[in-house]
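The structure presented is a predicted model; accordingly, all values stated were derived computationally and were not measured. Count residues from 1 along the sequence.
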Amino acid sequence: MGKDIEPSHEQGGGYAAKDYHDPPPAPFFDMDELTKWSFYRALIAEFIATLLFLYITVLTVIGYKSQIAGGDDCGGVGILGIAWAFGGMIFVLVYCTAGISGGHINPAVTFGLFLARKVSLIRAVLYMVAQCLGAICGVGLVKAFQKSYYVQFGGGANELNDGYSTGTGLAAEIIGTFVLVYTVFSATDPKRSARDSHIPVLAPLPIGFAVFMVHLATIPITGTGINPARSFGAAVIYNKNKAWDDQWIFWVGPFIGAAIAAFYHQFILRAAAVKALGSFRSNAHN
């Protein structure tokens, strides 16, 4: 991490430059993590955060649908409110868990960070397991508290909506997840933090806004997945054919989108390949 930038009065109130070094990549396979309490604490944080995320958001979706079914077309939170529920909960939960687990709350985010060597394979896999289990438990609580409404109004499960092709749904998930994971990389980039430390940026805020904006765009298409754990947890508890038939869209799309975002940020914007080649040439000449 770079040092904080101090105002430079010699440069007319500008900001002085400072040294910055990229943090080393995470080990690909790190068995030592399994011996640390901090690792298990992070898994618990991911589980609880995803549970709370699904509980609040699925309740919001079902509550809105029940009001519409009751003839109150102008009542309820509407699509805008649903988008705010998803984005707002991500903001809150990332803020709460960032210092413990990194605040992933999404297997696609974890996958993207793994590809960028930000987390090890063991951490990535177990994070995804914790997230999926948390999602199942969160939706299970919703069904337990509102069983009649839950079954009647679709259980908050992601499905490809009528009038849209499979390709359109897949593209929506790919692009939506790209926006989210790209935002995660940009908001948490340590180089940016060092370079722009005079500009306070609360990382959970742009991440939450990314989730909010993507939901506004893609709720009419797929109900918005961009989070395989969210889609999987709802499908497990709802357990209807349509939700399972479309389930692959909500895994393949987000994982492709996350991979593209990781490649774009690391190899295009951060020029990781160019830096590696330059380092190789420098060592060869020495």
Side-chain angles (χ1 to χ4, degrees), residues 45-65 67-68 75-113 127 131-132 134-135 138-139 141-142 154-159 161 169 171-189 200-234 250 253-254 257-258 261 265:
E46 287 292 308
F47 171 83
I48 295 297
T50 314
L51 182 154
L52 295 174
F53 176 60
L54 267 292
Y55 174 72
I56 295 296
T57 55
V58 171
L59 267 182
T60 303
V61 171
I62 293 174
Y64 167 66
K65 288 184 176 181
Q67 289 171 319
I68 294 298
V77 297
I79 290 179
L80 181 64
I82 292 172
W84 272 121
F86 279 89
M89 280 303 292
I90 286 297
F91 167 71
V92 170
L93 294 171
V94 171
Y95 179 84
C96 291
T97 61
I100 301 172
S101 65
H104 296 194
I105 321 173
N106 185 336
V109 171
T110 300
F111 180 66
L113 294 174
Y127 267 26
Q131 291 155 0
C132 288
V139 182
L141 287 177
V142 175
N158 285 126
E159 298 175 354
N161 291 324
E173 289 297 307
I174 291 173
I175 297 171
T177 310
F178 173 86
V179 171
L180 169 60
V181 178
Y182 173 42
T183 303
V184 170
F185 275 109
S186 298
T188 60
D189 189 345
V201 176
L202 183 62
L205 185 59
I207 295 171
F209 261 106
V211 172
F212 166 68
M213 298 304 293
V214 171
H215 274 75
L216 284 182
T218 59
I219 282 177
I221 304 173
T222 61
T224 309
I226 68 172
N227 183 335
R230 176 262 185 273
S231 302
F232 181 71
F250 302 104
H265 185 269

*So, for Leu52 and Met89, which heavy atoms are closest and what is the spacing to 0.1 Å?*
O-CE, 3.8 Å
*Write down the atom of Ser231, the atom of Phe250, and the distance for their closest heavy-atom approach.*
OG-CB, 3.3 Å
*Please walk me through it: do Phe86 and Ile90 pass side-chain contact (heavy atoms from CB on, under 4.5 Å)?*
CA-CA 6 Å; Phe86 279 89; Ile90 286 297; 5.8 Å; no
Return all side-chain donor-acceptor pairs below 3.5 angstrom for residues 209-223, not counting sequence neighbours, or 'none' if the list is empty.
residue: His215; atom: ND1; partner: Val211; partner atom: O; Å: 2.8
residue: Thr218; atom: OG1; partner: Val214; partner atom: O; Å: 2.8
residue: Thr218; atom: OG1; partner: Thr224; partner atom: OG1; Å: 2.7
residue: Thr222; atom: OG1; partner: Glu173; partner atom: OE2; Å: 2.8
residue: Thr222; atom: OG1; partner: Thr224; partner atom: N; Å: 3.1

*Gap between atom CG of Leu205 and atom OG1 of Thr183 - 0.5 Å precision*: 11.0 Å
*Identify the heavy atoms of Ile207 and Ala187 that sit nearest to each other, and give their distance.*
CG1-CB, 4.3 Å
*asked:* Could you check whether any side-chain heavy atom of Phe91 comes within less than 4.5 Å of a side-chain heavy atom of Pro204, counting everything from C-beta outward?
replied: yes
*Which atoms form the tightest heavy-atom contact between Ala229 and Ala135, and what is the distance?*
O-CB, 3.1 Å
_Tyr64 side, atom OH; Thr60 side, atom OG1 - distance, nearest 0.5 Å_ = 12.5 Å
*What is the distance from atom CG of Leu93 to atom OG of Ser101, rounded to the nearest 0.5 Å?*
10.0 Å
*Flag the pair Leu141 / Leu51 as yes when at least one side-chain heavy-atom distance between them is below 4.5 Å, and no otherwise.*
yes
*asked:* If I compare all heavy atoms of Gly156 with all of Ala234, which pair ends up nearest, and what's the gap?
replied: O-CB, 3.8 Å
*Please round to the nearest 0.5 Å and tell me the distance separating atom CZ of Arg230 and atom OG1 of Thr57.*
6.0 Å
*For Tyr95, what residues pass the ring pair (Phe, Tyr, Trp, His ring centres under 6.0 Å) criterion, not counting sequence neighbours?*
none
_I'd like to know if the side chain of Glu46 and the backbone of His104 have a donor-acceptor N/O pair within less than 3.5 Å._
yes
*asked:* Run the side-chain contact (heavy atoms from CB on, under 4.5 Å) test on Ile105 and Val94 for me, step by step, so that the C-alpha distance in whole Å, both residues' side-chain angles and the decisive distance to 0.1 Å come before the verdict.
replied: CA-CA 8 Å; Ile105 321 173; Val94 171; 4.0 Å; yes
*Specify whether Phe185 and His265 have parallel, tilted or perpendicular ring planes, treating 30° as the upper limit for parallel and 60° as the lower limit for perpendicular.*
parallel
*asked:* Just to verify, which of Thr50, Val109, Asn106 counts as forming a side-chain contact (heavy atoms from CB on, under 4.5 Å) with Asn227?
replied: Asn106
*What heavy-atom pair brings Gly225 and Asn158 nearest, and what distance separates the two atoms?*
CA-OD1, 3.7 Å
